[in-house]
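Remarks on the structure that follows.
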Amino acid sequence: MLANVKICMGTHCTMMGNLNLQESLEDLQLEYPGKIEIKAVKCLKFCEDNKAPVVELNGKIITNASAEKIISEILEVVR
């Protein structure tokens with residue numbers, strides 16, 4: 001199954017580390033060619049209440065996203 005990942009690039013999410021998260025996901029994308037699609041989006045509108053960084057995976061919103069958390073969820077989809 002394809003993992004469609006949207007990474008919020010809004011100001012708050014960027015300040016909370018989404019660029020490092022994006023790098024980690026791009027490395028994972030190289031390990032699973034054709035199975036992970038990563039798209040940077042302007043804002044996912046979940047930045048308030050300390051929920052950043054925010055990622056959407058196949059329509060599921062994941063708040064307080066860490067590389068470990070997102071990679072684990074992606075691996076469940078692509079394996």
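Please read these numbers as outputs of a predicted model, since none were measured by experiment.
Nearest heavy-atom pair across Val54 and Cys13 is N-SG, 3.4 Å. Across Val78 and Ala3, no two heavy atoms sit closer than the pair CG1-CB, 3.9 Å. Annotation for Glu56 and Ile61: closest pair OE1-CD1, 3.8 Å, computed over non-hydrogen atoms. For Ala52 against Asn64, the heavy-atom pair with the smallest separation is O-OD1, 3.6 Å. The two residues Ile71 and Ser24 have their closest heavy-atom pair at CD1-CB, 4.3 Å.
For Gln22, the side-chain contact (heavy atoms from CB on, under 4.5 Å) partners at least two apart in sequence or on another chain are Ile7, Met9, Leu19, Glu26. For Leu2, the side-chain contact (heavy atoms from CB on, under 4.5 Å) partners are Asn4, Glu37, not counting sequence neighbours.
Counting heavy atoms from C-beta on, the side chains of Leu75 and Tyr32 come closer than 4.5 Å. Counting only heavy atoms from C-beta outward, the side chains of Ile36 and Leu25 never approach each other to under 4.5 Å. Side chains of Ile70 and Ile62 form a contact here, defined as non-hydrogen atoms less than 4.5 Å apart. Residues Met1 and Lys35 have side chains not in contact (no heavy-atom distance under 4.5 Å, counting atoms from C-beta outward).
Side-chain heavy atoms closer than 4.5 Å link hydrophobic residues (I, L, V, M, F, W, Y) into clusters, and following such links, possibly through other members, connects Val5 to Leu28.
Rounded to the nearest 0.5 Å, atoms CD1 (Ile74) and CD (Gln29) are 9.0 Å apart. Atom NZ of Lys51 is separated from atom CG of Leu44 by 12.5 Å, given to the nearest 0.5 angstrom.
When each of Thr14, Asn18, Asn20 is checked for a side chain to side chain contact (heavy atoms under 4.5 Å, CB included) with Pro53, only Asn18 meets the rule.
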Side chain to side chain contact (heavy atoms under 4.5 Å, CB included) assessment of Lys6 paired with Val55: CA-CA 6 Å; Lys6 294 180 184 176; Val55 172; over 6 Å; no

